[in-house]
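A note on names: the letters A, B, ... follow the listed sequences, proteins ahead of strands, and every chain is numbered from 1.
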Amino acid sequence: MHSICSQATTVPISNFASGSRSPALAFSKQVNLRFCGLRKEAFGFSGLTHSCSSRVPFSSRGYSKKISASAESNGTPPKSFDYDLIIIGAGVGGHGAALHAVEKGLKTAIIEGDVVGGTCVNRGCVPSKALLAVSGKMRELQSEHHMKALGLQVSAAGYDRQGVADHANNLASKIRNNLTNSMKSLGIDILTGVGTIVGPQKVKFGKVGLPDSIVTAKDIIIATGSVPFVPKGIEVDGKTVITSDHALKLESVPDWIAIVGSGYIGLEFSDVYTALGSEVTFIEALDQLMPGFDPEIGKLAQRVLINPRKIDYHTGVFATKITPAKDGKPVTIELVDAKTKEPKDTLEVDAALIATGRSPFTNGLGLENINVVTQRGFIPVDERMRVIDANGNLIPHLYCIGDANGKMMLAHAASAQGISVVEQVTGRDHVLNHLSIPAACFTHPEISMVGLTEPQAREKAEKEGFEVSVAKTSFKANTKALAENEGEGLAKLIYRPDNGEILGVHIFGLHAADLIHEASNAIALGTRIQDIKFAVHAHPTLSEVLDELFKSAKVKAAALNHAPVSEPVAV
Amino acid sequence: MQTELVAQQFLVFSAAPSPIPLLYSLHPAILHSPLKSFAFFCCPQFLTSIPPPSKKMDSPFLSNTTLSFSSSFSSSPLPHLFPSVSFSPVRFKSTQRRILTVRSKIREIFMPALSSTMTEGKIVSWVKSEGDVLSKGESVVVVESDKADMDVETFYDGILAAIVVGEGETAPVGAAIGILAETEDEIAEAKAKATSKPGASTPSAPAPTAASTPAHPKSTPANAAQTVAEGRRKTVVTPYAKKLAKQHKVDIESVVGTGPYGRITPEDIVAAAGISPSKTNEGPAVVVEARPAAPTKATVVSSAPPILPPPVPGSTTVPFTTMQAAVSKNMVESLSVPTFRVGYPVTTDALDALYEKVKPKGVTMTALLAKAAAMALVQHPVVNSSCKDGKSFTYNSNVNIAVAVAINGGLITPVLQDADKLDLYLLSQKWKELVEKARAKQLQPQEYNSGTFTLSNLGMFGVDKFDAILPPGQGGIMAVGASKPTVVADADGFFSVKKKMLVNVTADHRIIYGADLAAFLQTFSKIVENPESLTL
């Protein structure tokens, strides 16, 4: 599961005021006065008037003049706007925001310096799902025991690496086209180039070697995403020492690959590589594999996804130096104890995948122009995704969503944040409840979660003084899972017995990623266990695992008469 | 030390139902137990070699009383119950000796075996802490096995005097993980015992055994000498190889790695464990399928160094890759086959002319030669046969031409299956695919080990004639030299210049005789000299 971003390459910031005559851009086509009438004037600056007349198409000449004019008056907001909303970065977050903006009647443009779709579509969730689909099928076909139990006979399963790689690539381009077309058909302008904020409500964009253009918008959303994070000391050559960007191209299947980091990305790739015949060594800085997962789920996942597979691991160690294979030598990895900092071991492997997380991508965004200082690379925002400047003040009309703000580095979280921002700029206050955003890891079987882990819930309970209970159900008791001969799995519910509030749900098992939404929707809508347990599930389905789970929870009688549904809380 | 080592009995139960049948299968005595929960005796010898249920051994289970286990130890015929299990004989001996002399109330808590495949367990958490008073049936510790987490209960009243293996640490089945004292007076003594047992907390290496057995001391200096000679060469073991070694109890140090950069691969462990290779198809495999019997491969390393001449100063030793190791093995194996060679000059002017014509359509010389050989083999089935057992001919129904290809310091023989049946164009296409796959190391086993006859061509290097080694399992191999303009005199004494190519076939004389080979070569030569039939 990767999060979204639009990966723009760094562009030297050229002086836009140097009289660059921008080519006649196609703005003149967009005579859409209808939008103006829909706008609420309430959220503009004081003293700012924008009349419909300003939206009347201007000639190319007039437009260039306007650029120099606005350039000269850099620092002050423009009087009228080219767009209602400009989104910098056409990843999943930007796309989600753009679509919702159009629905709300905003004139919208999206600036993309690389390819539409960002990380998720091009170098993340989408192509990785293609590889994982292959690995899932390979696993099934290779598991003689499993096949026999179903009465099937299959001769040796093999694969063609290029064919698998093509499948991933084709999927990415298909989704990318869908995304592009969906925006074009709605009349969203896709502006190509690296977007740079030059002042309040003003964005410059352009490609290397081409003159820049400046556009203005009432509101701006930064959605520039992230890139793979590579710790220092690690030399990425793209062949034997790689990041997820390279791995998704599947240019080779090494006999033995070390995966640095055992989070979502590392875990998913271990699933792919072991299914394709590689052996895997995990290197994890923390003491436990799969940090971030509920410990119980992590432990079970380790029993199923790690121990029986061709995987070993080193925990509590940093990979301080990784040297790619060259001159007839293998890839070498120097391990240092995470606590004592003593050298611990040196590994020799065929390849190393760096899956140590992602870092926000804000290069060339011009944050210095608006006095924003990043924190560990992330753009600071409040709970409404409003960007906070170096003095701790909110910057009006500027928002940041997705990986770039680091709140929750997931594609769908970015999209949800974008929608939340559009709601706000169109006059409805909205705060996104991040605890209702589900996450999934697409191993075989899958892992999914929403809300708090058990330790988090217990910590919160101690602080706030409430009781926490845990209910669990096994996939072993589910008819559909047994029919598939995939009984390995667990669903876990963390809740408040006093009022029936769902604090967290964690699922490890067949199609866990698809099952989580019943729980995440319940959290988002504030549905309590005592209400949802009466919802009916089709039989026999995997979703009955959750049905069982809710039914097995013991909510105290006092809560049952209590009026349900409290407002979702922002986190 | 006035103590003795007494095995602690535990009740083990599990939240998950699945491991229970496993527990049943551990010890027949359990089946007789009147207890509802599962009691067993946490002694490794018991678990690794299940003794027949004997009256004497049953009694402690059945009685469920305070009957000290030490008494049954001393009274029962122990040596018979515990046959020569390799598990730390030293400790066992000392146990026995102490039992005879002392009676004590300090007991060790052992790592229980919670499943039939469990070799070690991890302490998830100690439910009790040091100094806690335990009554029998209480949960003391949670142990994580390869299958599940289980609570382990004590079968004795007492005080948890010392925790030997802390939370998060791992101990092999049967190792002491804690010390139980019966009274407070014994706590100090028990603690002393815990600290005096350094082996218990790092239980992986049974250090004392080395001293008693002569084998280990010998190997240590040898190893040291080797390290000096080879410089730094640490053992690199792949993850799966590690798992297999543990599973099959293979000492990794005794295995010589044949993988890339000398690493120990799963195949090496399988060979060292003497398991017949299972039909694992994943990954690209090597030249000719591995023969099951290769017991000498891994274990005899220590005897090898004395025979070798001292290394020339400045030389470097590069271990074989898997592919190179397989080539080496096959080459040595070929020495057991009596081979002979027959050469034949073939005029190739017509073939060359044909080649020029079909080249634009993607036909390669390899495909032409393979096709010609295959067509000749159809007429001479004996040359396409092989001798598997030294007693019979095995006639192959298909003509599969293996073609030797040099690849990245290795050698592989992709196979053109049914080369006689496929037309030239299909064959050329097939060949292209095979070469690509070979480069990407993605040949499936049947794509490199199903050959019935091999073709080796060094003509492109200008080699005029050479001699090939017959690969095991095949009847013949054809070595093709370069085609060179040669002055020839015809029957009337006219000189002309023809292109001649020398082919030299090596064959297994147990099944293929000189006349067979000569006749085959004559046919081959006719086909090449009148190559129109190749395009049909």
Side-chain angles (χ1 to χ4, degrees), chain A residues 138 141-142 144 155-163 251-259 270 274-282 287-288 295-296 299-300 302-304 306-316 325 328-332 345-350 472 474 476 487-488 490, chain B residues 15-18 117 122 124-125 142 144-149 167-168 232-247 257 259-267 278-285 316 318 321-323 408-409 433 436-437 439-447:
Chain A
M138 276 299 279
L141 294 173
Q142 283 170 341
E144 217 175 294
S155 61
Y159 69 93
D160 164 31
R161 183 198 54 77
Q162 194 55 49
E251 276 170 355
S252 68
V253 178
D255 291 343
W256 183 5
I257 185 164
I259 299 182
S270 80
T274 52
L276 298 184
S278 303
E279 295 181 48
V280 169
T281 295
F282 269 121
D287 289 339
Q288 289 275 321
E296 195 169 1
K299 198 178 238 181
L300 179 62
Q302 186 173 336
R303 281 206 187 102
V304 177
I306 309 258
N307 296 351
R309 295 186 181 171
K310 297 176 179 179
I311 301 177
D312 70 350
Y313 50 85
H314 300 264
T315 53
K329 289 197 187 103
V331 175
T332 54
D345 205 349
T346 303
L347 304 181
E348 292 179 8
V349 291
D350 296 323
K472 284 177 235 174
S474 166
K476 281 198 182 82
E488 193 83 66
L490 174 80
Chain B
S18 56
T117 54
K122 187 174 164 193
V124 177
S125 62
V142 182
E144 177 187 342
S145 75
D146 53 342
K147 297 252 176 355
D149 289 358
E167 288 182 6
R232 49 105 252 171
R233 191 95 279 271
K234 64 174 228 164
T235 325
V236 177
V237 193
T238 75
Y240 188 47
K242 259 186 232 167
K243 279 188 183 169
L244 281 177
K246 206 164 170 188
Q247 202 181 325
Y261 314 108
R263 75 171 66 130
I264 297 172
T265 61
E267 293 78 33
S278 59
K279 53 310 171 221
T280 41
N281 288 318
E282 79 244 57
T316 49
V318 180
T321 62
T322 324
M323 189 188 272
N408 311 337
E433 284 167 22
E436 271 167 28
K437 275 187 168 179
R439 286 223 178 87
K441 290 189 174 183
Q442 280 177 354
L443 285 178
Q444 298 296 310
Q446 76 274 9
E447 288 173 328

**OP:** For residues B/V236 and A/W256, determine if any side-chain heavy atom of one lies less than 4.5 Å from a side-chain heavy atom of the other.
**Re:** yes

Subject >> Separation of A/R309 CZ from B/Y240 OH (nearest 0.5 Å) >> reply: 13.5 Å

Original post:
Should B/T265 and A/E279 count as side-chain neighbours, where that means a heavy-atom distance under 4.5 Å?
Top reply: no

Subject >> Residue A/D287 versus chain B: region with a heavy atom under 4.5 Å >> reply: neither

Original post:
Do A/D312 and B/K246 sit within salt-bridge range, that is, some charged N less than 4.0 Å from a carboxylate O?
Top reply: no

Original post:
Can you name the salt bridge (charged side-chain N to carboxylate O under 4.0 Å, His left out) partners of A/D160, sequence neighbours left out?
Top reply: none

Subject >> Pairwise side-chain contact, A/I311 with B/P239, heavy-atom cut-off 4.5 Å (strictly under) >> reply: no

**OP:** Identify which part of A/V280 has an atom lying under 4.5 Å from any heavy atom of chain B, answering side chain, backbone, both or neither.
**Re:** backbone

Subject >> B/V237, part contacting chain A, at a heavy-atom distance under 4.5 Å >> reply: backbone

Original post:
Can you name the closest pair of heavy atoms from B/Y261 and A/G328 and give their distance?
Top reply: CE2-O, 3.2 Å

**OP:** Under 4.5 Å heavy-atom distance to chain B, tell me which part of A/K299 shows up: side chain, backbone, both or neither.
**Re:** side chain

Original post:
Hey, what do you get for OG1 (B/T238) to CD (A/E348), rounding to the nearest 0.5 Å?
Top reply: 13.0 Å

**OP:** To the nearest 0.5 Å, tell me how far B/K437 NZ sits from A/R161 CZ.
**Re:** 12.5 Å

Subject >> Heavy-atom side-chain contact between B/R263 and A/D350 under 4.5 Å >> reply: yes

